[in-house]
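Got a structure for you, questions after.
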There are 2 protein chains.
Amino acid sequence: MATMTTQLDAVPHRNAGREKVVAAAIDLFAERGVSGTSLQMIADRLGVTKAAVYYHFKAKRDIVLAVVRPVIAELDAVIESAERERSQAVRTETLLAGLVDLMVSSRRLYAILEGDLAVGEILASDPGVSTLGERIVEVLLGPDPDPGQIVAAHIFLAGLKGIGQGITEGIADDDLRTHVLDCAHKLLRRRRRPLTRTTLP
Amino acid sequence: MATMTTQLDAVPHRNAGREKVVAAAIDLFAERGVSGTSLQMIADRLGVTKAAVYYHFKAKRDIVLAVVRPVIAELDAVIESAERERSQAVRTETLLAGLVDLMVSSRRLYAILEGDLAVGEILASDPGVSTLGERIVEVLLGPDPDPGQIVAAHIFLAGLKGIGQGITEGIADDDLRTHVLDCAHKLLRRRRRPLTRTTLP
DNA sequence: GTCTATAAGACGATAGAC
DNA sequence: GTCTATCGTCTTATAGAC
């Protein structure tokens, strides 16, 4: 998971200007939201003009996609690896660990991803992305979940997003991961069997 | 709680135009976010011109405040009533019940309240409002909470916000309230004593 | 209370010089 | 790759007639 990087940083020094734009955009998107960030602000932060930014990206939409696509790709990989598991319990556990890992390792990007309705609109026009949320819930809960589980899942997923938004900045990555996973288990633990009777007679 | 209404609807028929603007604004804010909603859209939805809207509110900021202030007031009342309790357990329980109640009874407003960074910016210039979040966490967790509790609280609060955003629309108010409160207890339940030994010897 | 008309500026985006 | 200069559109907001 930590070694997955997208094509972008495979070539380290080419496209330096382009990546500077992306970096500035990430800062501003996290601070002021996507709708609240203008190309002028991005240009100002880089000490260049708007036109210079437009050399690297032909539209604002493309900047948003460049910022968000890597996380989407990782998210997709996490979901897929969970979907491949055969046991429902392992599927759930794999997905939870992957989601928490992803969120902790890129808190700000995860927050940008769901922090502005404009982002959802842009992503909605991208194929396959729109089904991501549904796949997560499906893998997380399995077939025919009860309403209580659905509510718990949505609270956890929304909470995961909220954690990224600078609320718990004082906590180290490892601690955060542990605590968040702990919350996930408290919320989503399946009904326990009367007693563990897993071994066959 | 359900009978608390703010000054606005105390006078039912005066200011009908003003309230129509607020109603249209709520719809649009919930659908497209505050930043994504222009005065033109509000005017169009009402079948009037922008200037007509400006007759009722002298700035967009004031529309946002008119939409959001009632929830803020209720939120403040909930926190205050919890703060008045003497036992920490009752304080927590009162706050949780109040928050969940408020969120369920006005899902869309609650979502608008925290769904757009622009709202926070507008509210930040209002006195007293900015301390609301801190007061909630303080009442919820009591003095010197451990990191695990802090994370759990933030996940729950962020999750509560997320629930308002149309994710669980198929669930009735009463069921939603029950399930969400259940989640709160799972997440925030204090360490159990070895066994219930509440009665003195 | 609602209208037309318009100001003043920010926005995303483009053309063309260097 | 970055610049200046500009286009057309949208925005918030105001003035004044009806």
Side-chain angles (χ1 to χ4, degrees), chain A residues 8 11-29 31-68 112 116-126, chain B residues 8 11-29 31-68 112 116-126:
Chain A
L8 280 179
V11 181
H13 258 296
R14 287 256 187 276
N15 286 39
R18 196 184 157 95
E19 287 183 46
K20 273 185 189 173
V21 171
V22 171
I26 290 177
D27 284 348
L28 286 162
F29 289 168
E31 288 170 25
R32 334 214 355 158
V34 171
S35 319
T37 301
S38 69
L39 291 170
Q40 187 67 67
M41 294 175 192
I42 297 176
D44 286 351
R45 178 155 303 205
L46 295 172
V48 298
T49 61
K50 271 191 296 178
V53 175
Y54 271 104
Y55 170 78
H56 296 289
F57 296 92
K58 68 171 205 192
K60 183 182 180 182
R61 188 192 128 96
D62 297 319
I63 302 181
V64 176
L65 284 175
V67 166
V68 145
I112 291 171
D116 196 316
L117 290 173
V119 178
E121 235 164 279
I122 292 174
L123 284 174
S125 58
D126 244 38
Chain B
L8 280 179
V11 181
H13 257 295
R14 287 258 185 274
N15 287 38
R18 195 184 158 98
E19 287 183 45
K20 273 185 190 171
V21 171
V22 170
I26 290 177
D27 285 347
L28 287 163
F29 289 168
E31 288 170 26
R32 337 215 349 159
V34 171
S35 318
T37 301
S38 70
L39 292 170
Q40 186 69 67
M41 295 174 191
I42 297 176
D44 286 350
R45 178 154 302 206
L46 295 173
V48 297
T49 61
K50 276 187 294 178
V53 175
Y54 270 106
Y55 170 79
H56 297 288
F57 296 92
K58 67 171 205 191
K60 183 181 180 181
R61 188 192 128 96
D62 297 318
I63 302 180
V64 176
L65 284 175
V67 165
V68 145
I112 291 171
D116 195 317
L117 290 173
V119 178
E121 234 165 281
I122 292 175
L123 285 174
S125 58
D126 244 38

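Naming: A, B, ... by sequence-line order, numbering from 1 per chain.
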- prompt: Whole-Å distance between D/dC10 P and B/Arg32 CZ?
  reply: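 These atoms are roughly 13 Å apart.
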query: When you list every nucleotide of DNA chain C with an atom under 4.0 Å from a heavy atom of chain B, which one comes first 5' to 3', and which comes last?
result: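 The contact span of chain B on DNA chain C goes from C/dG1 to C/dT4.
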- request: Can you see which heavy atom on B/Lys20 is nearest to which on B/Leu46, and at what distance?
  value: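 Taking every non-hydrogen atom into account, O-CD2, 3.7 Å.
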field: A/Thr49 OG1 to A/Leu39 CG distance, which is reported to the nearest 0.5 Å
entry: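 Taking OG1 in A/Thr49 and CG in A/Leu39, the distance rounds to 11.0 Å.
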- prompt: How large an angle, rounded to 10°, do the end axes of the helix from C/dG1-D/dC18 to C/dC18-D/dG1 enclose when each is built from five base pairs?
  reply: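 Answer for the end axes of this duplex: 0°.
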- request: Measure from the side-chain N and O atoms of B/Asp116 to the backbone N and O of B/Gly33, and report whether any donor-acceptor pair falls under 3.5 Å.
  value: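 No, B/Asp116 side chain to B/Gly33 backbone: no donor-acceptor pair under 3.5 Å.
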query: Expressed in angstrom and rounded to an integer, what is the separation of B/Leu39 atom CG from D/dT14 atom P?
result: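 My rounded result for the distance is 11 Å.
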query: More 5' along DNA chain C: B/Lys50 or A/Lys50, using each one's nearest nucleotide?
result: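 Result: B/Lys50.
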- prompt: Does any N or O in the side chain of B/Lys60 come within less than 3.5 Å of the main-chain N or O of B/Val34, such that one atom is a donor and the other an acceptor?
  reply: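 Yes, because the side chain of B/Lys60 sits within donor-acceptor range (under 3.5 Å) of the backbone of B/Val34.
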task: Apply the side chain to side chain contact (heavy atoms under 4.5 Å, CB included) test between B/Leu28 and each candidate in B/Ile42, B/Ile112, B/Asp44; give the one that qualifies.
output: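 Only match with B/Leu28 under side chain to side chain contact (heavy atoms under 4.5 Å, CB included): B/Ile42.
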query: Can you tell which of B/Thr37, B/Val68, B/Val53, B/Val22 makes a side chain to side chain contact (heavy atoms under 4.5 Å, CB included) with B/Ile63?
result: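 Going through B/Thr37, B/Val68, B/Val53, B/Val22 one by one, the side chain to side chain contact (heavy atoms under 4.5 Å, CB included) with B/Ile63 is satisfied by B/Val53 alone.
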- prompt: Which part of the nucleic acid, if any, lies within reach of A/Ser38 when heavy atoms closer than 4.0 Å are counted: base, sugar-phosphate only, or nothing?
  reply: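 Sugar-phosphate contact only - A/Ser38 comes under 4.0 Å of backbone atoms but never of a base.
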message: If I take atom CG in residue B/Asp62 and atom P in nucleotide D/dT12, what distance separates them, rounded to the nearest angstrom?
response: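 Computing the B/Asp62:CG to D/dT12:P distance gives 13 Å.
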message: How many whole angstroms separate atom CD1 of B/Ile42 from atom P of D/dC10?
response: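 These atoms are roughly 17 Å apart.
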message: What is the separation between atom CD1 on B/Ile122 and atom P on D/dT12, rounded to the nearest whole Å?
response: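 Those two atoms, CD1 and P, are 11 Å apart.
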- request: Kindly compute the distance separating CZ (B/Arg45) from CD (B/Glu31), expressed to the nearest 0.5 Å.
  value: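 Rounded to the nearest 0.5 Å, the CZ-CD separation comes out at 4.5 Å.
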- prompt: Roughly how far apart are B/Arg32 CZ and A/Glu121 CD, rounded to 0.5 Å?
  reply: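 The distance works out to 5.5 Å.
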